[in-house]
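Working notes for the structure below.
Letters go in sequence order (proteins before strands), and every chain restarts at 1.
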2 protein chains.
Amino acid sequence: MPRLERREEILKVAGRLFSKKGYHGTTIRDISDACGILSGSLYTHIKTKEDLLYEITDRGAECFLRSIRSIMESDISATEKLRQAVRAHMRVIEANLEAATVFFQEWKSLSEKRFARIQAKRDQYETMWKEILEQGIRQGEFRDTDEKFARLLLLAVGNWVYQWYRPEGDLSAEEIADRFVDLLLEGLKKRT
Amino acid sequence: MPRLERREEILKVAGRLFSKKGYHGTTIRDISDACGILSGSLYTHIKTKEDLLYEITDRGAECFLRSIRSIMESDISATEKLRQAVRAHMRVIEANLEAATVFFQEWKSLSEKRFARIQAKRDQYETMWKEILEQGIRQGEFRDTDEKFARLLLLAVGNWVYQWYRPEGDLSAEEIADRFVDLLLEGLKKRT
DNA sequence: TTCTGTCAAACAAGCGCTTGCTCGTATAAA
DNA sequence: TTTATACGAGCAAGCGCTTGTTTGACAGAA
């Protein structure tokens, strides 16, 4: 199999196995078996096992960042930004469920240096959510509540989705996003 | 060291290491080193490495279940049940942060049979939240929204807490719980 | 009190196997 | 003929766990 094609296959297979059995729970032989080659042959395409984890994780981080950047730059209300950002987040998870799972729960197995590099991208992403919330509070669309807790609530929902979301379900990523945004904005309490 | 005392130490040490490096990322020698004994000596106190994971996970599950049971049986409004249940949940995490971390992210490494046993307890716990929400909707305290999404939101917050909560922070478990409940009930949107 | 038998706790060594990874060779497409 | 891809064999280290032995505290008999 040609170089690039095989490499992509390996990344995909590794993503699937890492997401299912964890990084430490997956062996080089698990990955090579699933690719239909011998374990030694993997090393024609990769340098180390950790490189695989890093590349999967970093691609995931980039996906999330890219998906929300254009929304941040657009000139719309905070409420609309929030809705679009949650939709974008859900779409990334929908399109890369396995990579997202690795991104959310296996990135801690990275070496210190690489861990820090991913951490920085996570911080960037979180900052964008923070800005949406601050804009909303400043402009009077959102209640003057503690921004940090709203952000934690938002991130909790976003970062937990991969645990239960299954593409074969009957709601699209957008529909799920909209329901969460509605619930978050309007609250659970009945108004009289 | 006497039997019971040593055993508890091993469980505690294992919990700490599992939560930090993951189950597969922690070796029997890591655990025995941290206890100040040789790896073979561990087996005076445990049968297998997986037994450790199971005991930690199961104790965690029992903590969560116990903490919420009496609340479920009491005769109070759904809103009050919700607040007390979230508080109880936060208190369990505060008091058992490492065990809770293992419970939330390492239980997947259990053998099929034990995994199923923990899964059943998780389902029980989730059902109690469902009942609180259904009661609130039925009695008109909560909006007639999709119960499932409200539950997912609630679980997301509860299950994500261990990722950021640090006991040295300046808010108590109760204060954190109350802020989340307020945000969840009242919503983010400003009322006019 | 002193001696002796018992037993839990830990040691020291190492077993069989798996791990991530290397390297010289074969093969087939360009 | 060159070059990229995969094979086949295997290395050194580490894995979970077992085994035979030592240690030290405490019991009851002398």
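Note on A:Arg179 versus A:Glu174: no salt bridge recorded, every NZ/NE/NH1/NH2 to OD/OE distance being 4.0 Å or above. The residues A:Glu8 and A:Arg59 are annotated as salt-bridged, a charged nitrogen and a carboxylate oxygen being separated by less than 4.0 angstrom. Between A:Glu106 and A:Lys21, none of the side-chain N atoms (NZ, or NE/NH1/NH2) sits under 4.0 Å from a carboxylate O, so this pair counts as no salt bridge. We find that A:Arg151 and A:Glu126 are joined by a salt bridge, their nearest charged nitrogen and carboxylate oxygen being less than 4.0 Å apart.
Here D:dC15 is the nucleotide among C:dC21, C:dA9, D:dC15 with the atom lying nearest to any side-chain atom of B:Arg29.
The phosphate of D:dA4 has neither OP1 nor OP2 within less than 4.0 Å of any side-chain N or O from A:Arg6. In this model, the phosphate group of C:dA10 is approached by a side-chain N or O of B:His45 to a distance below 4.0 Å at OP1 or OP2.
A donor-acceptor pair under 3.5 Å is absent between the side-chain atoms of B:Glu98 and the main chain of B:Gly15, judged by distance alone. Under a 3.5 Å cut-off, the side chain of B:Glu147 and the backbone N or O of B:Glu134 do not form any donor-acceptor pair.
When rounded to the nearest whole Å, the span between CD of B:Glu5 and C1' of C:dA8 equals 14 Å. For B:Ile28 and C:dT19, the CD1 to P distance is 17 Å, given to the nearest whole Å. One interatomic measurement links the two molecules: CZ of A:Arg7 to P of D:dA6, which rounds to 13 Å at whole-angstrom precision. If you measure from atom CG of A:Asp33 to atom P of C:dG20, you get 12 Å, rounded to the nearest angstrom. Atom CD1 of A:Ile31 is separated from atom P of C:dT18 by 17 Å (rounded to the nearest Å).
With rounding to the nearest 0.5 angstrom, the OG atom of A:Ser109 is 9.0 Å from the CZ atom of A:Phe18. Atom CE of B:Met90 is separated from atom CD1 of B:Ile176 by 4.5 Å, given to the nearest 0.5 angstrom.
Using a 4.0 Å cut-off on heavy atoms, the residues of residues 35-44 of chain B that approach DNA chain C are B:Ile37, B:Leu38, B:Ser41, B:Thr44, listed by number. Of the residues in residues 46-59 of chain A, A:Thr48, A:Lys49 come within less than 4.0 Å of DNA chain C through at least one heavy atom, sorted by number.
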Contact string for nucleotides 25-30 of chain C, one letter per nucleotide 5' to 3', B = base within protein heavy-atom range under 4.0 Å, S = sugar-phosphate only, - = neither, reads ------
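Judged as a side chain to side chain donor-acceptor pair (under 3.5 Å), the pairs with a partner in residues 36-49 of chain A (not counting sequence neighbours) are, in order, A:Thr48-A:Asp51. Pairs passing the ring-ring contact (aromatic ring centres under 6.0 Å, His included) check and including a residue from residues 76-95 of chain A, sequence neighbours excluded, read A:Phe64-A:His89, A:His89-A:Tyr125.
Not counting sequence neighbours, B:Phe142 has no partner by the ring pair (Phe, Tyr, Trp, His ring centres under 6.0 Å) test.
Contact annotation for B:Ser32: no contact, since no heavy-atom pair falls under 4.0 Å across all strands.
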